[in-house]
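None of the values given here were measured: they were computed from a predicted structure. Order of listing sets the numbers, starting from 1, for every ligand and every atom in it.
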Amino acid sequence: MKKGFRIIKFKKNKPILQVKGVSKSFDGRPILKKISMDLFPSEIIGLVGPNGSGKSTLYGTIIGRYKVDAGNILLNQKDITQKPIHERAKLGIAYLSQYRSVFNMSVFDNLLGIAQIVIKGAEKQHSIVEKLMTEFNLQHLRNINANLLSGGEIRRLQICRTLINNPKVILLDEPLAALDPIVVQEIQKFILKLQSFGCGIIISDHQVQNLFEIVDRAYVIGEQSIIAEGKPKEILKSTKARELYFGSFDS
Ligand code: ADP
Ligand code: MG
């Protein structure tokens with residue numbers, strides 16, 4: 001993908017999201033051990049790790065699907081660790097599932113349904129839905145049942161749905177997985193567009209190449225912990241990340 005069209009500069013003083021020493025186990029099996037991570041407004045962070053390394057579980061602790069065993073989650077410097085999932089969503093944490101989770105109805109109704117829950121006033125609801133459909137190139141698909149959409153189209157719809165609530169933090173779970181190379185480029189472009197909405201973004205993937213083209217920094221998760229963190233170039237030099245994960249991958 002072409003580089004050099006990032007326009008947003010972000011301030012690195014106050015993180016919008018902080019994960020502090022989060023640990024989580026399922027049925028006594030540790031999945032995450034003391035994970036810490038900072039995300040700044042308008043920053044794009046990559047979360048990389050093999051299948052089963054705990055990426056979705058970490059997202060689950062941030063959105064409030066799972067209770068943490070230890071540690072804290074802070075949004076805008078406020079502790080939200082004890083808040084339930086719907087309150088965190090209201091406060092501005094949006095999550096895009098790695099699965100094709102859409103309602104069995106038209107593209108337009110998928111968006112309007114969410115708008116009707118989170119926005120007051122029919123006129124406003126319709127105008128935001130129209131704006132997002134235009135912005136994310138969905139207008140021509142508006143009457144099509146969402147279950148019939150292609151992989152790239154469904155990702156665009158899912159991204160639009162997350163934006164309706166005006167989120168501060170967007171967690172994208174493997175948004176580039178199982179897409180054709182050309183569609184990967186298109187979704188990369190739309191993810192970069194999200195930056196202009198002022199959101200902090202975390203993107204997970206188990207492949208680095210496509211992800212590292214669009215992130216400012218990344219965290220590598222392995223053996224239940226963060227094994228490397230930094231700019232993509234720095235991470236690729238990390239001996240531990242190479243040993244455990246990348247092998248001889250070159251940028
Ligand atoms: P990733 O998203 O990195 O592929 P996951 O977070 O989905 O990894 O899974 C990490 C580990 O936690 C896996 O071994 C998975 O089987 C286990 N796991 C995930 N969710 C649950 C759950 N709800 N109950 C029990 N084990 C789970
Ligand atoms: Mg996952």
Side-chain angles (χ1 to χ4, degrees), residues 17-39 44-73 81-86 88-89 93-102 151-152 154-155 157-159 161-162 167 169-179 183-184 187-188 191 194 200-212 214-215 217-230 232 235-236 238 240-247 249:
L17 179 77
Q18 287 163 283
V19 175
K20 285 189 170 178
V22 161
S23 300
K24 175 71 194 163
S25 46
F26 286 122
D27 313 316
R29 187 162 69 98
I31 307 295
L32 305 172
K33 287 185 195 162
K34 294 190 179 165
I35 300 281
S36 292
M37 184 178 276
D38 289 331
L39 172 71
I44 304 185
I45 276 185
L47 175 62
V48 190
N51 273 320
S53 57
K55 302 180 297 295
S56 297
T57 303
L58 180 59
Y59 280 162
T61 64
I62 297 172
I63 64 171
R65 173 176 293 159
Y66 304 129
K67 272 204 160 148
V68 298
D69 302 335
N72 298 82
I73 313 279
T81 319
Q82 301 306 325
K83 291 208 185 291
I85 190 162
H86 60 275
R88 296 191 204 194
I93 297 185
Y95 172 66
L96 187 153
S97 163
Q98 72 188 95
Y99 304 108
R100 284 177 68 103
S101 57
V102 286
I154 218 150
R155 288 286 189 257
L157 173 59
Q158 287 177 305
I159 290 174
R161 288 206 314 187
T162 63
V169 170
I170 304 183
L171 310 174
L172 305 172
D173 205 347
E174 302 198 17
L176 304 174
L179 299 176
V183 183
V184 165
I187 299 300
Q188 284 176 318
I191 291 173
L194 290 178
I201 301 163
I202 307 181
I203 315 174
S204 72
D205 212 299
H206 53 261
Q207 273 198 57
V208 254
Q209 194 117 36
N210 295 325
L211 191 69
F212 276 11
I214 53 170
V215 300
R217 284 187 302 130
Y219 291 82
V220 183
I221 191 168
E223 296 180 330
Q224 297 97 40
S225 309
I226 301 291
I227 53 169
E229 184 252 314
I235 286 187
L236 292 171
S238 150
K240 191 153 191 207
R242 277 180 174 262
E243 265 173 28
L244 279 174
Y245 187 45
F246 298 128
F249 177 89

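- In terms of modelled atom types and a separation under 3.5 Å, the side chain of K83 and the main chain of G64 share no donor-acceptor contact.
- Protein heavy atom nearest atom 10 (C) of ligand 1, with residue, atom name and distance: G52 O, 3.4 Å.
- Contact annotation: Y59 has no heavy atom less than 4.0 Å from any atom of ligand 1.
- Backbone and side-chain nitrogen or oxygen atoms of F26 are examined, and none is located within less than 3.5 angstrom of a nitrogen or oxygen of ligand 1.
- In this structure, S53 has a heavy atom closer than 4.0 Å to ligand 1.
- Ligand-side atoms of ligand 1 in range of Y66: 20 (N), 23 (N), range being under 4.0 angstrom from any heavy atom.
- Considering backbone and side-chain atoms alike, K55 places an N or O below 3.5 Å from some N or O of ligand 1.
- In this structure, a donor-acceptor pair under 3.5 Å is present between the side chains of S204 and D173.
- Note: N51 CG to E174 CD = 6.0 Å, rounded to the nearest 0.5 Å.
- Distances from the Mg ion (ligand 2) show that Y59 has no N/O/S atom below 2.8 Å.
- Side chain of T61 to main chain of Y66: no donor-acceptor pair is present (N/O by atom type, distance under 3.5 Å, no hydrogens or angles).
- With hydrogens and angles disregarded, a donor-acceptor distance shorter than 3.5 Å links the side chain of R88 to the backbone of I62.
- At the shortest separation from atom 8 (O) of ligand 1 among protein heavy atoms lies G54 N, 3.2 Å.
- K24 contributes a side-chain N or O that, together with a main-chain N or O of K67, makes up a donor-acceptor pair within less than 3.5 Å.
- Using modelled atom types, one side-chain atom of Y59 and one backbone atom of L172 make a donor-acceptor pair closer than 3.5 Å.
- When only interatomic distances are considered, the shortest N/O to N/O separation between S56 and ligand 1 falls below 3.5 Å.
- Q158 contributes a side-chain N or O that, together with a main-chain N or O of Y99, makes up a donor-acceptor pair within less than 3.5 Å.
- Side chain of Q188 to main chain of I214: no donor-acceptor pair is present (N/O by atom type, distance under 3.5 Å, no hydrogens or angles).
- Contact annotation: for P50 versus ligand 1, heavy atoms closer than 4.0 Å belong to the backbone alone.
- Atoms of ligand 1 found under 4.0 Å from any heavy atom of N51 (numbered from 1 in listed order, with element): 4 (O).
- The part of R29 lying near ligand 1 is the side chain, judged by heavy-atom distances below 4.0 Å.
- When heavy-atom distances to ligand 1 are checked against a 4.0 Å cut-off, I31 comes that close only through its side chain, counted from C-beta outward.
- The shortest side-chain heavy-atom distance between L171 and L47 does not fall under the 4.5 Å cut-off.
- Expressed to the nearest 10°, the angle at the Mg ion (ligand 2) joining OE1 in Q98 with OG in S56 is 80°.
- Short contacts between ligand 1 and T57, defined as distances under 4.0 Å to a heavy atom of the residue, involve ligand atoms 5 (P), 6 (O), 9 (O), 10 (C), 19 (C).
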